[in-house]
Enquirer: 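To start, I am sharing the structure in question, which I have written as structure tokens.
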Amino acid sequence: MVTVKNTYYVTTPLYYVNAKPHIGSAYTTLAADIIARFQRLKGKKVFFLTGTDEHGEKISKAAEEKGKQPKEFLDELVPFYTDYWKKLNISYDGFIRTTDLMHEKAVIKFFKKVYENGDIYLGEYEGYYCVPCETYYSETQLQGEKNCPSCGKKTQLMREQSYFFKLSKYEQALLGYIESTDFVLPESRKNEIVNFIKQGLQDLSISRTSIKWGIPVPMDKSHVIYVWFDALLNYITGIGYGSNSKQFKSIWPADVHLMGKEIVRFHAVIWPAMLLAAGLDLPKKVFGHGWLTVEGEKMSKSKGNFIDPIEVTEKYSVDAFRYFLFREIPFGSDGDYSEKALVQRINSELADGLGNLLNRTVVMVEKYFEGKIPHAVNISKQDKELRDFTLKKSEETDKLIEALEFHRALSSIWEIINASNKYINDQKPWELAKADKKEELGNVLASLSESLRITSILLAPFIPETSEKIQKQLGIEVKKFDEAFKWNLIQKGTKTGKAEILFRKVELEKAGKEKKEKEST
RNA sequence: AGCGGGGUGGGGCAGCCAGGAGUGCCCGUCGGGCUCAUAACCCGAAGGUCAAAGGUUCAAAUCCUUUCCCCGCUACCA
């Protein structure tokens, strides 16, 4: 008998605090939130970890420019992130900063352990160094005549002492593991990683003497630990490695690490190698999602086309934003954020599809049954069809969310909504009312209330506020996802709440004008 | 160069891994129905040789080969 682990551990990468959160980091974090909320509803004890990466030269330089100590500088910036996640309804359980004392201590412990095991050694690092940028670049990153890719100035070939991690030692172990499992997802990412490893792994330089802002190497204080080596460890230090081993053991290994595709390599190659070196279990999945473009264009500093998610959510709503991102873009593929597409989805799917369905249902319960949801009796063929269809789609949705196929899950939920709207048109409850066929009318409204109840559960991970609003209007409260697999759970005579507009329709022209006005002020 | 991803009705996308009548979603166009509802909802129609060619198969958008066109990745800034 296999015992099912009742915990679920999901992470986002740690965000580098030298800039505001943008739509990319919001996208990853929202995805993690969907997973966390889903698993909680499924009854799992969830730990959802996010946080900030605070070491490295870019931070110290940014702080210096402001005339501040790094720590002081960071303390001012971090609340910006935590507030941000609050505004997006991110339900994280832990927020780790790599400057947390607990983290730093645990990193040192980990470093020592791997050193003692013989997988860290002192060597010499050689690379192209840009003096003004104080940064090493690989040969392939250089522009033209060995010029720095960021400032364009000529780089110099430099050498310095460095501690190395024996990444090469784990080449075969990693390759075997990755090739034979679905550790790296989606599959296209897995292929990239497999090919990368097949080209051969070099040992990784994991210390710097040129940088001061970081965690010192325990056996040699003139070195600072390379930021990635430090940052990746958050996934274990954030749940108690080195400080609370009981908690750590109950949560580790991670069920899924989420990230953008650009850093899959760090998570699928370096990170598992580090864990192997320390004799720890490997995470179950590493998922690299795609990149977002904005209005068809890549986001870039020069174009200045960064989207501030908070502006979007203030203009529309958090749920509209959450819905749009995960309905529009297949999770794992690249996708485009455009205001036009967002408005279209709001209008046709959230307002006309879902909102209107709820409204017409609740209004009819009010009008025909004094706001008390009737019970079904002697249900018809059509009632059964709606029930069976809804339950089928509900189970399908469950599987799709589990598989992180969010856009398909939402599509599946909207099939229920569309079927329900069609069902109303076919059943013509207004005619039943006129003909005073109370029993049949009751069946129709009972069925609709049930399909909406189930819809509200299925939507809860994605658009939690909306889900609650639906339940409030139906006069119900849902605690478990499993209730979406059963019919007729609404108590007879349940009093509906006030019928309110769930999503208002938006006119794009008007919205565009408001934006311009806002910009000009 | 190597490796990977993509090219699907007017626009934007799913579907492809586990082949089965071009199946679906959002928008747009045209026509109809309905009035409970957020000028919402429902039905129907026009529109595609599923990039091109070849192959496997009873059957290919889906598998294989080749070609053309787009886009990524090729590590130690994060």
Side-chain angles (χ1 to χ4, degrees), chain A residues 13-19 53 55-59 61 125 127 130 133-141 148-150 162 164-165 167 186-196 198-199 201-206 208 211 226-229 231 261-266 269-270 290-291 296 298 327-330 333-336 338 340-341 343-345 347-368 405 407-408 410-411 414-415 418 420-433 441 444-445 448 499-505:
Chain A
L14 297 191
Y15 302 110
Y16 207 59
V17 208
N18 65 342
D53 183 4
H55 288 128
E57 54 152 340
K58 281 190 183 176
I59 299 279
K61 220 195 271 174
Y125 180 73
C130 173
C133 296
E134 296 175 14
T135 302
Y136 277 100
Y137 295 101
S138 68
E139 204 159 348
T140 49
Q141 285 177 304
C148 170
S150 78
S162 172
F164 282 83
F165 170 57
L167 185 59
E187 206 167 331
S188 57
R189 239 54 91 191
K190 168 177 169 174
N191 295 336
E192 281 185 18
I193 294 295
V194 165
N195 278 310
F196 172 74
K198 279 183 177 168
Q199 287 164 30
L201 294 178
Q202 296 168 21
D203 289 348
L204 183 73
S205 160
I206 53 164
R208 300 285 184 272
I211 298 165
Y226 171 49
V227 278
W228 264 110
F229 197 85
K261 63 181 181 180
E262 75 282 5
I263 53 172
V264 169
R265 178 168 304 166
F266 293 92
V269 180
I270 298 173
W291 279 358
K298 227 183 224 181
R327 174 64 189 92
E328 178 81 359
I329 303 159
S333 307
D334 291 351
D336 187 50
S338 87
K340 191 181 164 203
V343 167
Q344 269 179 2
R345 296 261 183 208
N347 287 345
S348 73
E349 293 167 19
L350 293 175
D352 294 346
L354 171 63
N356 187 46
L357 171 66
L358 175 71
N359 196 240
R360 59 204 299 215
T361 302
V362 174
V363 166
M364 281 192 277
V365 173
E366 258 171 31
K367 194 179 272 187
Y368 303 138
E405 298 207 53
H407 76 290
R408 291 181 66 192
L410 286 167
S411 172
W414 252 260
E415 285 187 57
N418 294 338
S420 302
N421 269 321
K422 180 173 161 51
Y423 169 83
I424 298 185
N425 279 56
D426 293 346
Q427 297 306 304
K428 303 182 175 64
W430 51 91
E431 282 184 9
L432 297 174
L441 183 59
V444 171
L445 293 175
L448 287 170
E500 279 170 353
I501 302 288
L502 203 56
F503 286 95
R504 279 199 190 282
K505 295 188 76 166

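Every heavy atom of this structure was used, including side-chain atoms; hydrogens, water molecules and symmetry mates were not. Small disclaimer: the values here were computed from a predicted structure and weren't measured.
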Enquirer: For nucleotides A46(B) and G10(B), find the distance between their P atoms and express it as a whole number of Å.
Expert: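 Here A46(B) and G10(B) have their P atoms 14 Å from each other.
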Enquirer: Nearest to the side chain of R327(A), heavy atoms from C-beta on, is which of C25(B), A75(B), C77(B)?
Expert: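 Within the option list, the nearest is C25(B).
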Enquirer: Looking only at side-chain atoms of R345(A), point me to the closest of C41(B), C26(B), G72(B).
Expert: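 The answer is C26(B).
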Enquirer: Between U35(B), U74(B), C42(B), which one does the side chain of R265(A) approach most closely?
Expert: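 My answer, after comparing the listed nucleotides, is U74(B).
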Enquirer: Quick check for you: among A78(B), C26(B), U38(B), whose closest atom lies nearest to any side-chain atom of D53(A)?
Expert: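 Of the candidates, A78(B) comes closest.
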Enquirer: Counting side-chain heavy atoms from CB outward, which of A78(B), C26(B), U38(B) is closest to D352(A)?
Expert: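 Selected nucleotide: U38(B).
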Enquirer: If you measure from the P atom in A1(B) to the same atom in U66(B), how many Å do you get, rounded?
Expert: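 Looking at atom P only, A1(B) and U66(B) are 15 Å apart.
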Enquirer: It should be established whether K61(A) places a side-chain nitrogen or oxygen under 4.0 Å from OP1 or OP2 of nucleotide C77(B).
Expert: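 No, because none of the side-chain N or O atoms of K61(A) sits under 4.0 Å from OP1 or OP2 of C77(B).
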Enquirer: Taking only the P atom of each, what is the distance from C64(B) to G19(B) in whole angstrom?
Expert: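 About 11 Å, rounded to a whole number of Å.
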Enquirer: Measure from the side-chain heavy atoms of V363(A) and tell me the nearest of A37(B), A78(B), G12(B).
Expert: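 For V363(A), the side-chain atoms sit closest to A37(B).
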Enquirer: Hey, does F229(A) reach any base, or is it just sugar-phosphate, or nothing, if we go heavy atoms under 4.0 Å?
Expert: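 Contact class for F229(A): none.
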Enquirer: P atom, G20(B) versus C50(B): distance in rounded Å?
Expert: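 Approximately 16 Å lies between the P atom of G20(B) and that of C50(B).
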Enquirer: When rounded to the nearest Å, what value does the distance between P atoms of C17(B) and A51(B) take?
Expert: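 It comes out at 15 Å once rounded to the nearest Å.
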Enquirer: Using Watson-Crick or G-U wobble geometry with both distances below 3.5 Å, tell me the partner of A14(B), or none.
Expert: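 Answer to the pairing question: U23(B), which forms a Watson-Crick or G-U pair with A14(B).
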Enquirer: Sort out the partner of G2(B) for me: Watson-Crick or G-U wobble, both distances under 3.5 Å, none otherwise.
Expert: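 Check on G2(B): paired to C73(B), both distances under 3.5 Å.
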Enquirer: Using purine N1 to pyrimidine N3 plus N6-O4 or O6-N4 for Watson-Crick, or N1-O2 and O6-N3 for G-U wobble, each under 3.5 Å, what pairs with U65(B)?
Expert: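 Result: A53(B).
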Enquirer: Considering only side-chain heavy atoms of Y226(A), which listed nucleotide, A75(B), U38(B), A78(B), is closest?
Expert: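 Given the options A75(B), U38(B), A78(B), the side chain of Y226(A) is closest to A78(B).
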Enquirer: Within the 4.0 Å heavy-atom criterion, would you say K422(A) contacts the bases, only the backbone, or no part of the nucleic acid?
Expert: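 The residue K422(A) makes sugar-phosphate contact but no base contact.
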Enquirer: Could you go through K428(A) and E431(A), starting from their C-alpha distance and side-chain angles, then the distance that decides it, and tell me whether this counts as salt bridge (charged side-chain N to carboxylate O under 4.0 Å, His left out)?
Expert: CA-CA 6 Å; K428(A) 303 182 175 64; E431(A) 282 184 9; 5.5 Å; no
Enquirer: Can a side chain N or O of S348(A) be found less than 4.0 Å away from OP1 or OP2 on C26(B)?
Expert: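 Result: no.
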Enquirer: C42(B) phosphate, OP1 or OP2: any side-chain N/O from Y423(A) under 4.0 angstrom?
Expert: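 False: Y423(A) side-chain N/O out of range (4.0 Å or more) of C42(B) OP1/OP2.
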Enquirer: Expressed in whole Å, how much space separates the C1' atoms belonging to G55(B) and G12(B)?
Expert: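 Those two atoms are separated by 33 Å.
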Enquirer: Using modelled atom types only, decide if a donor and an acceptor are shared between the side chain of Y16(A) and the backbone of H55(A) within a distance under 3.5 Å.
Expert: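 At least one qualifying donor-acceptor pair exists.
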Enquirer: Only pairs with both distances under 3.5 Å count, Watson-Crick or wobble alike; so what is the partner of G44(B) in this structure?
Expert: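 Its partner is C30(B).
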Enquirer: Looking for any heavy atom pair under 4.0 Å, which part of the strands does L502(A) touch: base, sugar-phosphate only, or nothing?
Expert: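 Here L502(A) touches the bases of the nucleic acid.
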Enquirer: Using atom P in both nucleotides, what's the gap between G5(B) and C77(B) to the nearest angstrom?
Expert: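 Their P atoms lie roughly 28 Å apart.
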Enquirer: Can you tell me if K428(A) touches the phosphate of U35(B), counting only side-chain N or O atoms and a distance under 4.0 Å to OP1 or OP2?
Expert: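 So the side chain of K428(A) is outside the cut-off, no N or O lying under 4.0 Å from OP1 or OP2 of U35(B).
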Enquirer: Using atom P of each nucleotide, how far apart are C3(B) and C13(B) to the nearest Å?
Expert: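 That atom pair is separated by 28 Å.
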Enquirer: Need to verify one output field. Residue with the more 5' nearest nucleotide on RNA chain B, Q344(A) or N421(A)?
Expert: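 It is Q344(A), whose closest nucleotide lies nearer the 5' terminus.
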Enquirer: Taking pairing as Watson-Crick or G-U wobble with both contacts under 3.5 Å, can you name the mate of C36(B), or confirm there isn't one?
Expert: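 Here C36(B) is not engaged in any pair, so there is no nucleotide opposite it.
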Enquirer: Less than 3.5 Å between a donor and an acceptor, one on the side chain of N356(A) and one on the base of C41(B), is that the case here?
Expert: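 Result: no qualifying N/O pair found.
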Enquirer: Measure from the side-chain N and O atoms of N421(A) to the backbone N and O of G353(A), and report whether any donor-acceptor pair falls under 3.5 Å.
Expert: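 Checked: pair present.
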Enquirer: Quick check: on RNA chain B, is the nucleotide nearest I424(A) upstream (toward 5') of the one nearest S411(A), or the reverse? Name the residue that is more 5'.
Expert: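 The residue closer to the strand's 5' end, by nearest nucleotide, is S411(A).
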